[in-house]
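Note that the structure is predicted; figures quoted are calculated from it, not measured. All ligand and atom numbering here is 1-based and tracks the order in the structure.
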Amino acid sequence: MADLDEVKDAKEYHIGIPQKSEAFFLKGSNNLDWGMKNRLARIFNPESGRTVMLAIDHGYFQGPTTGLERVDLSILPLVPYADTLMLTRGILRTVIPPSMSKSVVLRASGGTSILKELSNEEVAVDIEDCARLNVCAMAVQVFIGGEFERQSIINMTKLIDAGTRYGIPTLAVTAVGKEMVRDARYFRLATRICAELGAHYVKTYYVESGFETICAACPVPIVMAGGKKLPELDALTMAYKAIQGGAAGVDMGRNIFQSEAPVAMLKAVRAVVHNKATPAEAFDLFQTLKNQK
Ligand code: R5P
C-alpha cells in the first residue's frame with residue numbers, strides 16, 4: 001500500500017494545455033474501441049500506416065503446400081521481418097514459439113479442402129480461443145458470387161459480432177471462384193460488401209486496371225493478396241503498384257516463402273511497403289541480399 005505520510009499536494013495541472021485527442025491513423029477505424037485500435041496498430045505500423053503480412057495459412061485447405069512442408073524450418077527465420085503472421089491455430093500452437101512478439105492474424109474459417117467446393121466454409125474457431133491465443137485479428141474467406149456466397153458472408157458477420165464483443169478485428173479475404181472475372185468491378189463489389197457489413201480491413205487481389213477505384217470505394221484499409229508465385233521483380237512491381245493505388249499493405253505468402261531467397265524477398269517487399277522503394281530499388285536490394293547469402 002502506498003505510504004500516506006508526507007503526501008505531496010498535486011499541483012502540476014497544466015491549466016490551459018488541453019489534453020490531446022488524436023485521430024487514429026487507419027482509414028475508417030477512428031470510431032472503433034481501444035482494444036480494436038490497439039490490435040490494428042500491432043498489425044499496421046503506425047509510422048507508415050501500412051503492414052507486411054506473411055501469409056502461411058494455406059494448409060487449412062491445401063495441406064503441406066510447397067514451401068510450407070516444414071514451417072519450423074522455412075518460416076521461423078522469416079518471422080523477424082514480417083509485421084504480422086497470418087496462420088492457423090494448429091501451426092501457431094505447434095510451431096510458433098509463444099515468446100514471439102509479432103501480431104497474429106488467425107485463420108478463422110475452414111471446413112473444406114481442395115478436393116471439394118471451396119466456398120462451403122464455416123466459422124472454424126471459437127472467439128474465446130482467439131482471445132486465448134491473443135490474436136490481433138481473425139481472417140475469414142468471403143466468396144462473393146460463389147456457390148456458398150451467403151454462408152460465407154454470414155460467417156464473416158458472425159465473426160465480426162463475436163470479435164466486437166472482445167475487441168478483436170476481422171479481416172475479410174475476398175476469395176475468387178474459378179468462374180469469376182478478376183477485375184476492378186468485381187473487387188469493388190466484393191470489398192465494399194465486406195466493409196459495409198463490418199469487416200475492419202479487407203484482403204483482395206491486385207488488378208492492373210482500376211485498382212485505385214477498389215481502394216477508394218472501400219471505407220476500410222485494403223491489403224493486397226499475393227497470389228501464385230511470380231518472378232521476384234514482377235511480385236515487387238505488383239506490390240508497388242498496389243501501394244501506389246492506395247493499398248495499406250500486402251498479405252503475401254507464396255511470393256515470399258517460395259522465393260529462391262525468402263528473407264531477401266521479404267526485406268525487399270518491406271522496402272516497397274514501408275520505405276517507398278521503387279520496384280527497381282527493391283529488386284536491387286533483393287539481389288544484393290540474395291548474393292550476400
Ligand atoms: C486463402 O486463400 C488464403 O488466405 C491463403 O492461404 C493465403 O493467404 C494466400 O497467400 P498467397 O496467395 O500470397 O500465397
Kindly compute the distance separating CZ (Phe25) from CG (Asn45), expressed to the nearest 0.5 Å.
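The CG atom of Asn45 is 7.5 Å from CZ of Phe25, to the nearest 0.5 Å.
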
Please state which protein non-hydrogen atom is closest to [atom] and give its distance, to 0.1 Å?
atom	result
atom 4 (O) of ligand 1	Arg107 NH2, 3.0 Å
atom 8 (O) of ligand 1	Lys203 NZ, 2.7 Å
atom 1 (C) of ligand 1	Gln141 NE2, 3.2 Å
atom 10 (O) of ligand 1	His58 NE2, 3.2 Å

Ligand 1 and [X], any nitrogen or oxygen pair closer than 3.5 angstrom?
X	value
Asp57	yes
Lys228	no
Gly253	yes

Just by distance, with hydrogens left out, do [X] and [Y] show a side-chain donor and acceptor under 3.5 Å apart?
X	Y	result
Asn120	Gln151	yes
Arg107	Ser109	yes
Thr174	Thr204	yes

In ligand 1, which numbered atoms sit nearer than 4.0 Å to a non-hydrogen atom of Met252?
13 (O)

Check each atom of ligand 1 against the heavy atoms of Gly226 and keep those under 4.0 Å away; list them by number with element.
13 (O)

At the 4.0 Å heavy-atom cut-off, does Ala225 count as touching ligand 1?
no

Under 3.5 Å, which donor-acceptor pairs link side chains of residues 232-240 to any protein atom two or more places apart or in another chain?
| unit_1 | atom_1 | unit_2 | atom_2 | d |
| --- | --- | --- | --- | --- |
| Glu232 | OE2 | Lys229 | NZ | 3.4 |
| Glu232 | OE2 | Ser259 | OG | 2.7 |
| Thr237 | OG1 | Leu233 | O | 2.7 |

Check each heavy atom of Arg254 against ligand 1 and say whether those closer than 4.0 Å belong to the side chain, the backbone, both or neither.
both

Side chain, backbone, both or neither: Gln62 near ligand 1, heavy atoms under 4.0 Å:
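Near ligand 1, Gln62 shows nothing, with every heavy atom at 4.0 Å or more.
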
side-chain contact (heavy atoms from CB on, under 4.5 Å) with Asp126: which residues, sequence neighbours excluded?
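Partners of Asp126 under the side-chain contact (heavy atoms from CB on, under 4.5 Å) test: Glu128.
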
Between Tyr201 and Phe44, does the ring centre distance come in under 6.0 Å?
yes

Given Asp161 and Lys158, is the salt bridge (charged side-chain N to carboxylate O under 4.0 Å, His left out) satisfied, shown in steps?
CA-CA 5 Å; Asp161 283 334; Lys158 279 183 183 162; over 6 Å; no

